[in-house]
Amino acid sequence: MLKIDGLRVNYGGIEAVKGIDFEVPEGKIVTLIGANGAGKSTILRTIAGLVKPAAGRIRLQAEDITALSPDRIVSKGITLVPEGRHVFPDLTVLENLKIGAYLRTDDLNHDLEWVYSLFPRLKERSWQAAGTLSGGEQQMLAVGRALMSRPKLMMMDEPSLGLAPLVVKDIFSIIRKINEQGVTILLIEQNANMALHTADLAYVLETGRLTLSGTGEELLKNEAVKKAYLG
Amino acid sequence: MIKEKKSKTGAFVALVCVVLLLILTIVLENVLDPTKNIMLFTVLKKGAVYALVASSMNLLNGFTGLFSLGQAGFMLLGAYTYAILTIPAASRDSVYYLYGGSAIHFSLPELFGGGVFGLILGVLIALILAGLVAAGVAWLIGLPVLRLKSDYLAIATLGFAEIIRAVFQWDKLGPVTNGANALKSFPTFSSFNIPGGLRLSTFVAFLLAAVCIAVILLLINSSYGRAFKSIREDEIAAEAMGINLAKHKRLSFCISSFFAGVGGGMFAMFANQAQAKTFTTAMTYEILLIVVIGGIGSISGSCIASFLYLATSEWWLRFLDSEITLQNGFKAPLLRNGFRMVVFSIVIMIVVLFFRRGIMGDKELPDLFWKRKAKAAGKEGAK
């Protein structure tokens, strides 16, 4: 579905991504794992169009989407759940969700019901300012908001960041549920254990280069991965 | 779904309130003698103009989060456009006497055949053109300026307003702008008073302001308004949601300037003249003060604050400016010319101290009622 060839990105004067190739097959959960500063977030931000690549191609279903503007990329069906949630704190939960569907002109009720069925908590709090939600609820809102654009591919940047282990478990089970309903997912995580258990396909990223790839199961058993990320 | 119904009845109630208010202005102006209540009607008319300009500034500063201080500049553009287009052809020679007549020889109200119909249509079109000129200039200067953020944007727009003010006083432009002299003789609010009949000047000011503010409110409650608010809250997330930042910032800037331009035209109608030197930075600060006191992100706050601000600064504290000597010869201390502004500054400081987020915060007037109702419903539910 998404194919990336020879992607290089300069970020803040350094080369953060040094030529990587990978693929996200349709209907799968794919994860990129790696330490801080490995270039994971940069890759997602580049795919979303927030950062321009120095070289390389990004293709969505054979269509070249390299360096399109972010709004064009969203309308093509790729959406990003940014790191640290970034909900709009003074807007209500419902307004946050509606902004997720900003580029759509059709009826939203069906998708609102879908998001509310995935996250019943959001329905209870739909008139509350998003800033007053707990961390876990904000993450749910960020995911729900991204789903409102009805994406083919949802990219998630560290969904477990700053959340309690139980909440993280919830979030990951919902990620699986969303995936079962036909949304392809590209996930980056520092919580390698959780990510590898969830993912169909995983890549390991080290200082801007891909060093390992395989199914989640394979990487969980890999000695090098165990030593570096699973402890 | 229930909420939608509620907001519909809410809009209906608001409409009824506005209509009542408009009727009240007609009644007030015809029952009270305007020559004996000059201050009241000055405050009402200027308040309506300032309410519109403050709302337009709030759209930009409060809802989109772009800190711009160019409002007086856009008002100036609007005021001049309105005045130049509506001065009657017969009066042009006397207005432009220093420059041997005007470069423009037509007048919109006369172009539409004069009379009541020509006056209404001419003034309306001149006001719309005033807005369009301001919006067009906003679009142009927005291209470079909107790349800046917060304080830098404020300084750039402030500089723009000063440049505009200087340019309009330039002698070479005399045949169009009348140089540093005032433009006058154009239709004002008082032109709408029916001779020997109803006095409608305050009503016209309120009607124009109400229509424009209603448009601003509709915009804020549309999906564009939501996009503006999301840019204010978090640019990164807004961009990731597919909101084109540059386009929406420009849109907000142009619309805000459009209404500032219309407000400028109305200010000229209120003041009976248009002169570049009145549109100073101090005027922008006055409007900024109204926005902050009313509540950043509240249109009803801006409206309430503009009337309170003008009433306090121009009317209610007037008595402090003249010396008062009691019958027993006791002279009240401190009262002399200028003391009013001292007291006024203290009042503002007190207001800002006690209402940290302005009078209304980011709530609108109807929110206060809904909240109370919701609370009452909650209590009943608990029982």
Side-chain angles (χ1 to χ4, degrees), chain A residues 41 44-45 47-51 68-92 94-105 108-109 112-113 126-131 138 141-142 144-151 154-157, chain B residues 1-7 10 58 61-65 219-252 295-298 301 357-358 360-364 366-367 370-371 373-375 377-378 381:
Chain A
S41 293
L44 288 204
R45 291 171 60 83
I47 297 173
L50 297 169
V51 180
L68 284 184
S69 64
D71 49 316
R72 295 284 302 282
I73 288 175
V74 171
S75 63
K76 299 248 181 248
I78 298 182
T79 181
L80 171 68
V81 182
E83 181 176 5
R85 305 184 273 276
H86 283 282
V87 295
F88 304 114
D90 286 341
L91 302 188
T92 65
L94 183 65
E95 280 177 310
N96 266 275
L97 290 176
K98 281 185 174 171
I99 286 169
Y102 182 66
L103 291 175
R104 290 174 45 191
T105 46
L108 302 179
N109 281 328
L112 270 179
E113 287 306 315
S126 63
W127 297 103
Q128 206 169 316
Q138 287 189 16
L141 178 58
R145 187 179 62 183
L147 287 176
M148 287 301 291
S149 68
R150 213 188 269 163
M154 181 163 76
M155 303 191 290
M156 304 178 80
D157 196 342
Chain B
M1 297 314 104
I2 297 165
K3 186 74 185 183
E4 251 169 45
K5 242 184 223 163
K6 255 189 198 167
S7 71
N58 213 338
N61 292 20
F63 288 93
T64 321
L219 180 81
I220 285 168
N221 288 323
S222 73
S223 69
Y224 281 109
R226 268 201 298 279
F228 292 161
K229 284 187 237 173
S230 74
I231 292 173
R232 168 190 74 189
E233 306 263 307
D234 194 323
E235 289 199 0
I236 296 170
E239 203 177 12
M241 291 299 107
I243 291 166
N244 186 331
L245 292 185
K247 185 181 137 196
H248 285 84
K249 282 183 179 178
R250 204 155 55 221
L251 189 70
S252 169
I296 295 172
S298 165
R357 307 193 58 205
M360 300 291 292
D362 56 1
K363 301 271 182 295
E364 296 296 347
D367 292 345
W370 287 131
K371 205 176 226 175
K373 269 189 189 167
K375 257 187 201 162

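Values reported hereafter were calculated over all heavy atoms of this structure, with side chains retained and with hydrogens, waters and symmetry mates removed. So you know, we letter chains A, B, ... as the sequences are listed, proteins then strands, and number each from 1.
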If we define contacts as heavy-atom pairs under 4.5 Å, which of B:A238, B:A237, B:G297, B:S230 has the most with chain A?
B:S230
First locate atom CZ of B:R232, then atom CG of A:L91, and finally report the distance between them rounded to the nearest 0.5 Å.
6.0 Å
Rounded distance [0.5 Å steps], NE2 in A:H86 versus CE in B:M241
10.5 Å
Short question: side chain of A:E95, backbone of B:R226 - any donor-acceptor pair under 3.5 Å?
no
Could you please spell out the steps behind the side-chain contact (heavy atoms from CB on, under 4.5 Å) verdict for B:D234 and A:R85?
CA-CA 11 Å; B:D234 194 323; A:R85 305 184 273 276; over 6 Å; no
Part of A:R72 within contact of chain B (heavy atom distance under 4.5 Å)
neither
With only heavy atoms counted, which part of A:L50 is less than 4.5 Å from chain B, the side chain, the backbone, both or neither?
side chain
Could you check which of A:A101, A:P89, A:S149, A:G100 has the highest count of heavy-atom pairs closer than 4.5 Å to chain B?
A:P89
Top contributor to chain B interface from A:L80, A:V81, A:D90 [non-hydrogen pairs under 4.5 Å]
A:D90
Step by step, work out the side-chain contact (heavy atoms from CB on, under 4.5 Å) result for B:I236 and A:R45.
CA-CA 10 Å; B:I236 296 170; A:R45 291 171 60 83; 4.2 Å; yes
Here's a test for you: under side chain to side chain contact (heavy atoms under 4.5 Å, CB included), which of A:L103, A:I99, A:D71 qualifies with B:I243?
A:I99
Smallest separation among heavy atoms of B:E233 and A:F88, with atom names:
OE1-C, 3.1 Å
